[in-house]
Structures are given as C-alpha cells and as structure tokens.
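Here, residue 1 is the first one in the sequence, and each next residue gets the next number. Heavy atoms only: backbone and side chains are in, while hydrogens, waters and symmetry mates are out.
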Amino acid sequence: MIRITFITNQGKTAEIAEKTNLLRASLRAQGGIPFKCGGGLCGTCKCTIESGRENVDEIKPKERKHLTEEQLAQGRRLACQTFVHGDISVSW
C-alpha cells in the first residue's frame, strides 16, 4: 500500500492502492483537497506535491492550462489529474 500525507489537513495520512487518483484518494480518506468539477476543467484542486514528486505520473495537458511551467517545476499539480504510484506528501 501507498501512503499519502495530507499536510494541510493536520498531517492526516491515508493508505491507498497503487495508481490511485489523488483527488479520489482525498475524497475517500477525507483528506480535504478542495475541488469543484473533478475533471480538470476548473483548477480548484491545485495542490503541491511536497515530497515524493517522483511517485506521481506525468503532467497532463489539462494541467498545463491551469498551471505555469514554473508552478509545475515547483510540484504544483491538479489532484484530479494526478495518479500516485508511491508515497507522497501533499499540501494546498
């Protein structure tokens, strides 16, 4: 199992299966990542992968519409577009 730490939510942790969508994991575990659409259209689920950036999948085209190259380089992602395959810590 993979561990996600939701830093902004008092360090709450959740154990998830590999290749789980970050927003869905947050919803199931009550991790607290904010969202509205869940499909990459609104950008409200912007978050920062604080540790474990190597444990998320590639950046999607929808993310590039809401985040600058500088933000992406700093670990910003859309939770609804991000799939996790190893331990991470996330804030928003």
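- Counting only distance, with no hydrogens or angles, the side chain of Asp87 and the backbone of Ile2 share no donor-acceptor pair below 3.5 Å.
- Listed by chain and number, the residues in a side-chain hydrogen bond (donor to acceptor under 3.5 Å, both in side chains) with Glu15 are Arg3 (sequence neighbours excluded).
- In this structure a side-chain-to-backbone donor-acceptor pair under 3.5 Å is missing from Lys19 to Ala17.
- Every pair tested for side-chain hydrogen bond (donor to acceptor under 3.5 Å, both in side chains) that includes a residue from residues 26-45 fails, sequence neighbours excluded, so the list is empty.
- Asn21 contributes a side-chain N or O that, together with a main-chain N or O of Cys80, makes up a donor-acceptor pair within less than 3.5 Å.
- Distance NZ/Lys65 to CD/Gln81: 10.0 Å, rounded to 0.5 Å.
- At least one donor-acceptor pair closer than 3.5 Å links the side chain of Arg53 to the backbone N or O of Gln74.
- For the side-chain contact (heavy atoms from CB on, under 4.5 Å) test with Leu22, the passing option among Ile88, Ile16, Leu27 is Ile88; the others fail.
- Scanning for side-chain hydrogen bond (donor to acceptor under 3.5 Å, both in side chains) contacts around Ser51 gives Ser89, with sequence neighbours left out.
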Under the side chain to side chain contact (heavy atoms under 4.5 Å, CB included) criterion, do Glu69 and Arg64 qualify, and how do the steps go?
CA-CA 8 Å; Glu69 287 300 320; Arg64 294 188 186 282; 2.6 Å; yes
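- Side-chain atoms of Asp57 come within 3.5 Å of backbone atoms of Phe83 as a donor-acceptor pair (strictly under, hydrogens ignored).
- Other residues, nucleotides and ligands contribute only 12 or fewer heavy atoms inside 6.0 Å of the CD atom of Gln10.
- Linking Ile, Leu, Val, Met, Phe, Trp and Tyr residues whenever their side-chain heavy atoms come within less than 4.5 Å leaves Trp92 and Ile7 in two separate clusters.
- Distance check, rounded to the nearest 0.5 Å: OG1 of Thr13 to CZ of Phe6 gives 9.0 Å.
- Applying the side chain to side chain contact (heavy atoms under 4.5 Å, CB included) criterion to Leu41, with sequence neighbours excluded, gives Cys37.
- Between Asn9 and Gly31, the closest heavy-atom pair is ND2-O, 2.8 Å.
- A side-chain donor-acceptor contact under 3.5 Å links Thr82 to the backbone of Leu78.
- In this structure, Thr8 has no side-chain hydrogen bond (donor to acceptor under 3.5 Å, both in side chains) partners at least two apart in sequence or on a different chain.
- Side chains of Ile49 and Val90 form a contact here, defined as non-hydrogen atoms less than 4.5 Å apart.
- The pair Glu63-Arg76 does not meet the salt-bridge criterion, since no charged nitrogen lies less than 4.0 angstrom from a carboxylate oxygen.
- Closest approach of Ala25 and Ile4 over heavy atoms only: CB-CD1, 3.9 Å.
- Not a single side-chain hydrogen bond (donor to acceptor under 3.5 Å, both in side chains) links Lys12 to another residue, sequence neighbours left out.
- With values rounded to the nearest 0.5 angstrom, Arg77 atom CZ is found 10.5 Å from Cys45 atom SG.
- Interatomic distance, CD of Glu58 versus NZ of Lys60, reported as 4.5 Å (0.5 Å rounding).
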